[in-house]
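Residue indices begin at 1 and follow the sequence shown.
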Amino acid sequence: LAFFGDFTYQIGERWSVTAGGRWYDNKVSASDQSDGFANGGPSSFSDEQSESGFNPKFLVEADVNENVNVYTSATKGFRIGGVNGNLPLGLCGPELEDLGIEPSNATTYDSDSLWSYELGAKTRLSEDRVTLNGALFFVDWSNIQQLLRLACGFQLTQNAGAAESKGFELELMAAPSEGLTL
């Protein structure tokens, strides 16, 4: 279940401020019945993972002139958590312990989350036949979901660590004649 929306407020002719967000309430359920040699015989499994929260969004834009727009934004996002399948503890338990994973904590994983920050400009040049857009960005990612393939032949997803991504992008598009876009 989710509700989302945003609101833009115009400040004068050139500036606008946008604020918004997404409230969510997620629930993932799973059940499994397994059997066989690798499973260590018959077993059944049932678990659920649930979370709720709010992800905000902020944007400030300025129309420098009719051909140049500059902006900055900050947005929070996530990937939904979930439930791992049945892990036969007789077969995989020692490996989980060697990895420092408590088997009772291996049944579910949480959502990961990130904050994305961007500063950029969008331009239209040469009577709208050329666009030049550029941005600087920074992404702060935490509680990253990682798929672990175990030597026992099974796999599970766990939350592990954090990462940052920094960079820029530059996009140039030109339409020198009708029907030709570079």
Side-chain angles (χ1 to χ4, degrees), residues 1-31 46-85 101 105-148 155-175 180-182:
L1 180 65
F3 298 99
F4 55 91
D6 58 44
F7 174 77
T8 301
Y9 181 73
Q10 192 71 34
I11 303 170
E13 292 182 23
R14 298 197 185 275
W15 290 86
S16 65
V17 177
T18 301
R22 174 188 176 105
W23 175 86
Y24 61 91
D25 187 23
N26 298 323
K27 180 178 174 183
V28 178
S29 302
S31 62
S46 180
D47 206 345
E48 74 177 37
Q49 186 273 345
S50 61
E51 293 175 275
S52 61
F54 181 75
N55 287 337
K57 166 188 169 180
F58 305 99
L59 171 67
V60 177
E61 292 181 277
D63 291 325
V64 177
N65 59 46
E66 67 181 34
N67 294 318
V68 178
N69 172 277
V70 294
Y71 66 93
T72 186
S73 67
T75 306
K76 184 178 181 187
F78 74 103
R79 286 186 299 179
I80 190 171
V83 178
N84 287 307
I101 299 171
N105 293 336
T107 60
T108 64
Y109 55 96
D110 292 330
S111 296
D112 56 6
S113 65
L114 62 82
W115 272 97
S116 174
Y117 306 94
E118 190 169 329
L119 174 65
K122 297 179 180 184
T123 66
R124 296 186 318 242
L125 311 166
S126 298
E127 300 173 352
D128 288 343
R129 293 184 356 174
V130 175
T131 60
L132 177 62
N133 302 327
L136 300 171
F137 63 86
F138 174 73
V139 178
D140 186 13
W141 192 9
S142 60
N143 219 16
I144 299 171
Q145 297 172 8
Q146 293 288 306
L147 179 66
L148 303 174
Q155 63 187 28
L156 75 152
T157 300
Q158 288 285 279
N159 297 99
E164 292 180 349
S165 178
K166 305 172 195 173
F168 69 93
E169 61 184 19
L170 191 60
E171 173 189 44
L172 175 65
M173 186 176 76
L180 177 61
T181 303
L182 305 171

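- Remark: Glu13 engages no residue in a side chain to side chain contact (heavy atoms under 4.5 Å, CB included) (not counting sequence neighbours).
- Counting heavy atoms of neighbouring residues, nucleotides and ligands inside a 6.0 Å radius, atom CH2 of Trp23 exceeds 12 of them.
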Give every donor-acceptor pair under 3.5 Å between a side-chain atom in residues 115-123 and any protein atom, sequence neighbours left out.
{"residue": "Glu118", "atom": "OE2", "partner": "Tyr71", "partner atom": "OH", "Å": "2.5"}
{"residue": "Thr123", "atom": "OG1", "partner": "Leu132", "partner atom": "N", "Å": "3.3"}
{"residue": "Thr123", "atom": "OG1", "partner": "Leu132", "partner atom": "O", "Å": "2.5"}

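- Here CZ of Phe3 is found 9.5 Å from CG of Asp25. Values are rounded to the nearest 0.5 Å.
- Around the CD atom of Glu164, the shell of radius 6.0 Å holds more than 12 heavy atoms that belong to other residues, nucleotides or ligands.
- Crowding of Phe4 atom CZ: a count of heavy atoms from other residues, nucleotides or ligands under 6.0 Å not exceeding 12.
- Applying the side chain to side chain contact (heavy atoms under 4.5 Å, CB included) criterion to Asp6, with sequence neighbours excluded, gives Thr18, Lys57.
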Kindly list each side-chain donor-acceptor pair under 3.5 angstrom involving residues 47-56, sequence neighbours excluded, with atom names and distances?
{"residue": "Asp47", "atom": "OD2", "partner": "Thr107", "partner atom": "OG1", "Å": "2.7"}
{"residue": "Gln49", "atom": "NE2", "partner": "Glu51", "partner atom": "OE1", "Å": "2.6"}
{"residue": "Glu51", "atom": "OE1", "partner": "Ser111", "partner atom": "N", "Å": "2.9"}
{"residue": "Glu51", "atom": "OE1", "partner": "Ser111", "partner atom": "OG", "Å": "2.6"}

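- Annotation: the span from Leu125 atom CG to Glu127 atom CD amounts to 11.0 Å, rounded to 0.5 Å.
- Atoms CG and CG, on Asn84 and Leu147 in that order, are 8.5 Å from each other to the nearest 0.5 Å.
- The distance from atom CG of Asp63 to atom OG of Ser16, rounded to the nearest 0.5 Å, is 7.0 Å.
- Of the possible polar contacts, none joining the Arg22 side chain to the Gly77 backbone as a donor-acceptor pair under 3.5 Å is found.
- Here the shortest heavy-atom pairing between Ser73 and Leu59 reads CB-CD1, 3.9 Å.
- Evaluation of the side chain to side chain contact (heavy atoms under 4.5 Å, CB included) rule for Ala163 yields Trp141, Ile144 as partners, not counting sequence neighbours.
- Nearest heavy-atom pair across Phe137 and Phe168 is CE2-N, 3.4 Å.
- Taking CG from Leu136 and NZ from Lys166, the interatomic distance works out to 12.5 Å, rounded to the nearest 0.5 Å.
- Annotation: side chain of Thr75 is not in contact with side chain of Leu114 (no heavy-atom distance under 4.5 Å).
- Residue Ile80 comes nearest to Tyr109 through the heavy atom pair O-CE1, 4.3 Å, listed as atom of the first residue, atom of the second, then distance.
- No donor-acceptor pair closer than 3.5 Å links the side chain of Gln158 to the backbone N or O of Leu148.
- For the residue pair Gly134 and Leu170, the shortest heavy atom distance occurs at CA-CD1, 4.1 Å.
- Using a 4.5 Å heavy-atom cutoff, the side chains of Gln146 and Thr157 are not in contact.
- Scanning all heavy atoms of the two residues, the minimum distance from Val28 to Val83 falls at O-CG2, 3.6 Å.
- Going from atom CG of Asn133 over to atom CZ of Arg124 covers 10.5 Å, rounded to the nearest 0.5 Å.
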Applying side chain to side chain contact (heavy atoms under 4.5 Å, CB included) to Met173 and Leu182, what does each step give before you reach the verdict? CA-CA 6 Å; Met173 186 176 76; Leu182 305 171; over 6 Å; no
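- Here Arg14 pairs with nothing under the side chain to side chain donor-acceptor pair (under 3.5 Å) rule; sequence neighbours left out.
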